[in-house]
Amino acid sequence: MKKLLSILQAIIQAAGLAVTLVELTAEGTGEKGKAKEDKAVAQMRELFPPEMLPEAFRDSYDIIARMVIRAVVAFFNATGFFEKSGAPPT
């Protein structure tokens with residue numbers, strides 16, 4: 001159980017970093033939605049390679065990564081971590 005929690009923590013951290021990096025670069029490129037998610041998955045593959053998952057989950061890496069990325073983005077949006085485009089800074 002401890003190893004599973006450690007893996008979960010690492011994949012959430014990788015997703016948070018990947019989303020932040022992609023969001024920062026998207027400010028200059030204007031990319032949105034799926035294009036940013038695809039880049040975040042690719043970034044996660046570098047930060048947290050599929051080989052770090054237990055073998056049974058490696059084939060589902062992209063599905064897992066996308067779920068975690070979406071959860072991280074939802075959290076960041078809910079907490080105001082990212083400014084919405086067109087919204088005045090608070």
Side-chain angles (χ1 to χ4, degrees):
M1 183 67 154
K2 191 173 183 178
K3 180 168 173 96
L4 179 62
L5 290 176
S6 177
I7 290 170
L8 183 59
Q9 179 181 10
I11 200 166
I12 291 170
Q13 289 171 338
L17 182 55
V19 166
T20 302
L21 293 172
V22 169
E23 190 65 28
L24 289 172
T25 58
E27 287 179 11
T29 64
E31 287 181 306
K32 302 214 181 278
K34 181 153 176 17
K36 290 194 310 187
E37 186 178 283
D38 291 344
K39 285 194 173 185
V41 171
Q43 185 70 54
M44 275 190 67
R45 284 183 166 277
E46 292 181 34
L47 296 168
F48 188 91
E51 297 76 30
M52 293 179 73
L53 284 176
E55 193 171 342
F57 296 100
R58 290 181 191 159
D59 289 341
S60 301
Y61 184 89
D62 284 4
I63 295 167
I64 294 166
R66 287 180 191 282
M67 287 188 328
V68 175
I69 287 167
R70 290 174 187 164
V72 167
V73 168
F75 175 78
F76 284 172
N77 286 335
T79 60
F81 186 79
F82 293 135
E83 285 183 22
K84 294 286 187 186
S85 57
T90 56

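Taken together through direct or relayed side-chain contacts under 4.5 Å among Ile, Leu, Val, Met, Phe, Trp and Tyr, Met44 and Met52 form part of one hydrophobic cluster. In the hydrophobic clustering of ILVMFWY residues, with side-chain heavy atoms under 4.5 Å counting as a link, Phe76 and Val22 come out apart.
Of all non-hydrogen atoms in Gly16 and Val72, the two that sit nearest each other are CA-CG1, 3.8 Å.
Residues that satisfy the side chain to side chain contact (heavy atoms under 4.5 Å, CB included) test with Leu47, not counting sequence neighbours, are Ala14, Leu17, Ala18, Gln43. Under the side chain to side chain contact (heavy atoms under 4.5 Å, CB included) criterion, Thr29 pairs with Ala26, Glu31, sequence neighbours left out. Residues passing the salt bridge (charged side-chain N to carboxylate O under 4.0 Å, His left out) test with Glu23, sequence neighbours excluded: Lys36. Qualifying side chain to side chain contact (heavy atoms under 4.5 Å, CB included) partners for Val73, counting only residues two or more places apart in sequence or in other chains: Val19, Ile69, Asn77.
Residue pairs meeting the salt bridge (Lys or Arg N to Asp or Glu O under 4.0 Å) criterion with at least one member in residues 63-78, sequence neighbours excluded: Glu37-Arg66, Glu37-Arg70, Asp38-Arg66. Counting only residues at least two apart or in different chains, side-chain hydrogen bond (donor to acceptor under 3.5 Å, both in side chains) contacts with residues 45-58 comprise Arg45-Asp62. Annotation: side-chain hydrogen bond (donor to acceptor under 3.5 Å, both in side chains) contacts involving residues 1-20, sequence neighbours excluded, are absent. Screening residues 19-68 for ring pair (Phe, Tyr, Trp, His ring centres under 6.0 Å), with sequence neighbours left out, gives no hits.
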Practice item. Dump the intermediate steps for side chain to side chain contact (heavy atoms under 4.5 Å, CB included) on Lys39 and Leu21, then the final yes or no. Key: CA-CA 9 Å; Lys39 285 194 173 185; Leu21 293 172; over 6 Å; no
Check your understanding: Run the side chain to side chain contact (heavy atoms under 4.5 Å, CB included) check on Leu8 and Ile12 step by step: do they pass?
Key -> CA-CA 6 Å; Leu8 183 59; Ile12 291 170; 4.0 Å; yes
